[in-house]
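Following: one structure in structure tokens, then a few remarks.
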Amino acid sequence: QAAVANGMEAAASARGAQFVLNVGDNSYISALDPSGHRQGGFANISDPLWAKYFSDAYAMQLPFYSVLGNHDYMGNASCQLEYHSV
């Protein structure tokens with residue numbers, strides 16, 4: 001994932017990008033639901049998986065605009081919509 005993030009940052013810099021458009025399937029990772037069972041996606045906006053797989057991995061100084069893909073509905077899809085305001 002670090003190689004992808006580095007490549008994205010280099011391409012964005014070379015092209016003078018003003019934002020990143022993420023076209024869905026924001027996670028294929030597993031989170032825990034409130035009862036402790038594994039589920040797809042992020043559990044909530046304070047889920048530590050956000051930092052591990054998103055905010056720390058893609059630390060570009062550009063706004064990200066995302067849509068939800070089919071894998072994003074395996075977990076808490078609404079928290080992905082809320083995350084942009086955190």
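Residue numbers count from 1 along this sequence.
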Inset, instruction - Hey, could you give me the OG/OH distance between Ser78 and Tyr73, rounded to the nearest 0.5 Å? - result: 10.0 Å

Inset, instruction - First locate atom CZ of Phe64, then atom OH of Tyr58, and finally report the distance between them rounded to the nearest 0.5 Å. - result: 7.5 Å

Inset, instruction - Find out if a path of hydrophobic residues (ILVMFWY) with successive side-chain heavy-atom gaps under 4.5 Å connects Val20 to Val23. - result: no

Legend entry - Value rounded to 0.5 Å, distance of CD in Glu82 from CG in Asn44: 9.0 Å

Inset, instruction - Look up atom CG in Asn22 and atom CG in Leu68, then write down how far apart they are to the nearest 0.5 Å. - result: 9.5 Å

Inset, instruction - Starting at CG of Leu49, measure out to CZ of Phe42 and round the result to the nearest 0.5 Å. - result: 6.5 Å

Inset, instruction - Report yes or no: do Val4 and Leu62 belong to one cluster of Ile/Leu/Val/Met/Phe/Trp/Tyr joined by side chain heavy-atom distances under 4.5 Å? - result: yes

Inset, instruction - For the pair Asp72 (side chain) and Gly69 (backbone), establish whether a donor and an acceptor sit closer than 3.5 Å, ignoring hydrogens and angles. - result: yes

Inset, instruction - May I ask you to decide if Cys79's main-chain N or O and Asn76's side chain share a donor-acceptor pair within less than 3.5 Å? - result: yes

Inset, instruction - Taking all heavy atoms of Ala5 and all of Ala57, pick out the closest pair and write down the distance. - result: CB-O, 3.0 Å

Inset, instruction - State, to 0.1 Å, how close Met60 and Ala12 come at their nearest heavy-atom pair, and which atoms those are. - result: SD-CB, 4.2 Å

Inset, instruction - Considering only Ile, Leu, Val, Met, Phe, Trp and Tyr, and joining two whenever side-chain heavy atoms are under 4.5 Å apart, list the other residues clustered with Val67. - result: none

Inset, instruction - Taking side chain to side chain contact (heavy atoms under 4.5 Å, CB included) as the test, write out the residues that go with Ala51, two or more places apart. - result: Ser55, Asp56

